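What follows is a set of notes on a single structure, which appears directly below.
Predicted model only: the values in this text are computed from it and were never measured. The chains referred to below are lettered A, B, ... by the order of the sequence lines, with proteins before strands, and numbering in each begins at 1.
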Amino acid sequence: MTTRQQVAEVEGWFTLDGAEPRLLGLRCPDCGTYVFPPRAIACPNPECPATELESVELSRRGTVWSYTVNHYAPPEPYVAPDPFEPYAVAAVELADEKMIVLGQVAGPLDGLAVGAPVELVIDTLYEDDEGEHVVWKWQVAS
Amino acid sequence: MSRQGPSGQASGLARRHSPGSLALALGSGGQVAVLGVGMHPWGKWGANFAEYGVVAARAALDDAGVSWSEVQFVAGGETVRNGYPGYVAGSTIAQALGWNGAQVSTSYGACASGSMAIDVARARILAGLCDVALVVGADTTPKGFLAPTKGERGDDPDWLRFRLLGATNPTYFAFYARRRMELFGATPEDFALVKVKNARHGLANPMARYRKEVTVEEVLESPIVSDPLHLLDICATSDGAAALVLTSLEFARRRGIADPVRVAGVAVVTPSFPNAVIDMPNFATDSAAAGGAAAAGGTPGRLSFRDSIARAAYEQAGVGPEDVDVAEVYDLSTALELDWYENIGLCAPGEAEKLLRDGVTTLGGRVPVNPSGGLACFGEAVPAQAIAQVCELTWQLRGSASGRQVERARVGVTANQGLFGHGSSVVLTR
C-alpha cells in the first residue's frame, strides 16, 4: 500500500510534523491567557484589553481529566467507518496552559485512565479519494 | 409600579453589580404570578411543533381563566429543527392561535430557551409594559443523537466537534460521569438508581412519555452508549410543548387570586472567566494561565459555572438552598442529576450519591428532585423543557400534582444549562 496524501481536516489548528506534532493556539502577550482553537477575536480574559494575540504551539503532553469510549456512530458530519468501530475521546489537562483540550484517542486504549499521561499525535480521521484526512489525537504515553 | 426610580436605573444596577443587587433593585416587587400552566404530552407524535404549542397554550389559558384576546405579549422558545417557523416560534404559535395583535418575541438559548422566554416575559411585566404574557415552547425532534445544522460549516464549533472529534452530547455527559467516579467513588449502580427513582416518580404523570418502572439491572444491562453511561442513563429526544400564563401580581389579585404561585427569580446567566469545566460544544476550556487561583478542571472554593446558575436565581428570590422543598433539574444523564444536587446547593460536593441512596431526593424524602419523572421519563423537547419544569413546580406548589405530590411545597427551583454558555434556573415560591 502506497503512502497517501495527508490532508489536515481543519486548517491551522495543528502542525503536520510527523515526529513532534503540535496543536496551534493563541497566547495573549499581555496577560498570558491561551486560546484553543486559534480563533479568538480578542483576548477572552475580560480583565485584559488586548486585541492582538500571538500564534503559539501548545504543550505536546498532558494528563487525562476524563474520557469516554463511544459505542454508537455519531451523526453526520462525522465520517464513521463501515463497519463502525468504537472510539475514545479524552479531555486532557495541559499544565502550562491551565486548560483542558479534547481529542480522540489514538492507538490502544490500555492505560487510558483519569490522570494518565498522554501525548499528541496526528492520526487518520477517515479516508476518501482525496487522501488520508488527519486530525490531532491524544495517545497514552509510553 | 412599586419600584423606586425609573426602570432604566434598575437595569443599570443589575448590569454593574452581582445578581444579588438585582434582588435589591427589584425588592419584593420583583415577582410575577404564574396564573396558568399547560402542556402537550411528551412523546413521538410526528406532528408539527406548532400543533403541540397551541395545545399547551390553550391549556395554560384555560388554567389561568384568561382569554387569548387578553394576552398582550407572547414569548416563544425557538426550535432550530423545524425550519423558519421554528426560528420565529412566538409568532408561528400566535398566528396558529389567531393573530391578536400582541407584541411578540422569540428567544434561543439552547436548553435554556424556555427560561430565556420566561425572563423576557417577566421583565416586560415588571417594567409595567404589559400585565398578561403567554410563554410557550414546543418541539418536534428527530430520532437519535441531536445533530448539528447540515452543510459544510467549518466556522461552527457545534459542526466541527462532530466532524473532528465525534463528540456527541453523551460524550460530554460521560466526561462528567467519570469525574464523579474518579473524585467521589460513584458507581454505575448509583447512576442507575437515579433512573430507577425518576421512572417511579413519572409513573403517575399523564404528561410523561415513559411511564414504566425500571430496575438497576435493566439500566446496567442496557447497551453502553458512552462509557460509563448506558442507553438508559441517557435521556431521549421527544416531541412536546409547555406554556405559562404569567401576569402581574395586581392582575392576579383583580382576578381574585391573592396567593398565586410566583416567579421569584430567573437566572439565564453566562459563565465567568475562566470557565474551567469543558462544556458543549467546546474543544477546550478557558485557560486559567492569566493568574488567579483557578486551575484547569475547577478549583475548590471558586464557583463553577453550574454552581453559579441556581445561586443567581436564589439571590434574586431572597431564598437559599436550605429553603428549597422541591427541585426539577436537567437529568440529560443520570449522573448529571447527581452533579445538580451539589450545584444547586442541596449538599456538598461528593455527597450526592449518599443523598440519593438515603432517599432524600425521592418522593417522601426531604427534598424530592424531579417529581415529574424528569428527562428520564420525558425525553428532551429543547425549547419546551425549561418551561415544563416550571409547569411541574407550579402544580407542586399548588398542591395539585396528583400521584406525585411533594407535601407542603412552598419553594421550588429548576436548573438546567444550554450549550454555548447558557445557565437556566427559575425559583418559584408561594
### R178(B) NZ/CZ over Y67(A) ring centroid, <6.0 Å and within 45° of normal
yes
### Task
Check Y34(A) against A289(B) and note the closest heavy-atom contact, atom names and distance.
CD1-CB, 3.9 Å
### Summary
One should read off an interatomic distance between Q104(A) CD and T171(B) OG1, to the nearest 0.5 angstrom, of 9.5 Å
### Message
Is it the case that the ring center of W13(A) lies less than 6.0 angstrom away from the ring center of F283(B)?
### Response
yes
### Task
Check each atom of R27(A) against the heavy atoms of chain B and say whether the ones under 4.5 Å are side chain, backbone, both or neither.
neither
### Query
Are W136(A) and L165(B) side-chain neighbours, meaning at least one heavy-atom pair lies under 4.5 Å?
yes
### Message
Looking only at heavy atoms and a cut-off of under 4.5 Å, which of P44(A), P37(A), G32(A) has the most pairs with chain B?
### Response
P44(A)
### Query
What's the shortest heavy-atom distance between P77(A) and F162(B), and which atoms?
CD-CB, 3.6 Å
#### Entry: Contact class of V135(A) relative to chain B, heavy atoms under 4.5 angstrom
side chain
### Task
Looking only at non-hydrogen atoms, find the nearest pair between A284(B) and M99(A) and report the distance.
CB-CE, 3.8 Å
### Query
How about N70(A) and V225(B): do any of their side-chain heavy atoms sit closer than 4.5 Å?
no
### Message
Using heavy-atom distances under 4.5 Å, tell me whether V89(A) contacts chain B through its side chain, its backbone, both, or neither.
### Response
both
### Query
Measuring heavy-atom distances to chain B, does A80(A) have an atom under 4.5 Å in its side chain, in its backbone, in both, or in neither?
neither
### Task
Using a 4.5 Å cut-off on heavy atoms from C-beta on, say whether the side chain of R179(B) contacts that of W65(A).
yes
#### Entry: Distance (rounded to the nearest 0.5 Å) between I100(A) CD1 and S287(B) OG
11.5 Å
### Message
Which heavy atom of L160(B) sits nearest to which heavy atom of R39(A), and what is that distance?
### Response
CD1-NH1, 3.4 Å
### Query
Atom CG of L164(B) and atom NE2 of H133(A): how far apart are they, to the nearest 0.5 Å?
12.0 Å
#### Entry: Side chain / backbone / both / neither for A95(A) at chain B, heavy atoms under 4.5 Å
neither
### Task
Just give me the residue among V35(A), V101(A), V69(A) that pairs up with chain B most often, heavy atom to heavy atom, under 4.5 Å.
V69(A)
### Query
Hey, are the side chains of V10(A) and R163(B) touching, using non-hydrogen atoms and a 4.5 Å cut-off?
no
### Summary
Comparing C28(A), C31(A), G25(A) against chain B, the one with the most heavy-atom pairs below 4.5 Å turns out to be C31(A)
### Message
Side chains of Y72(A) and S226(B), heavy atoms from C-beta outward: is any pair under 4.5 Å?
### Response
no
### Query
Near E54(A) CD, under 6.0 Å, is it more than 12 heavy atoms from other residues, nucleotides or ligands?
yes
### Query
Does one side chain, of Y78(A) or R161(B), offer a donor that lies under 3.5 Å from an acceptor on the other?
no
### Query
Relative to chain B, which segment of E76(A) carries a heavy atom at a distance below 4.5 Å: side chain, backbone, both, or neither?
both
### Query
Is the shortest heavy-atom distance from the side chain of P75(A) to the side chain of T168(B) under 4.5 Å?
yes
### Query
What distance do L229(B) atom CG and T68(A) atom OG1 have between them, rounded to the nearest 0.5 Å?
7.0 Å
### Query
Rounded to the nearest 0.5 Å, how far does CG of L102(A) lie from CD1 of I278(B)?
4.0 Å
### Query
Side chain, backbone, both or neither: which part of D30(A) has an atom under 4.5 Å from a heavy atom of chain B?
neither
### Query
How about Y176(B) and S66(A): do any of their side-chain heavy atoms sit closer than 4.5 Å?
no
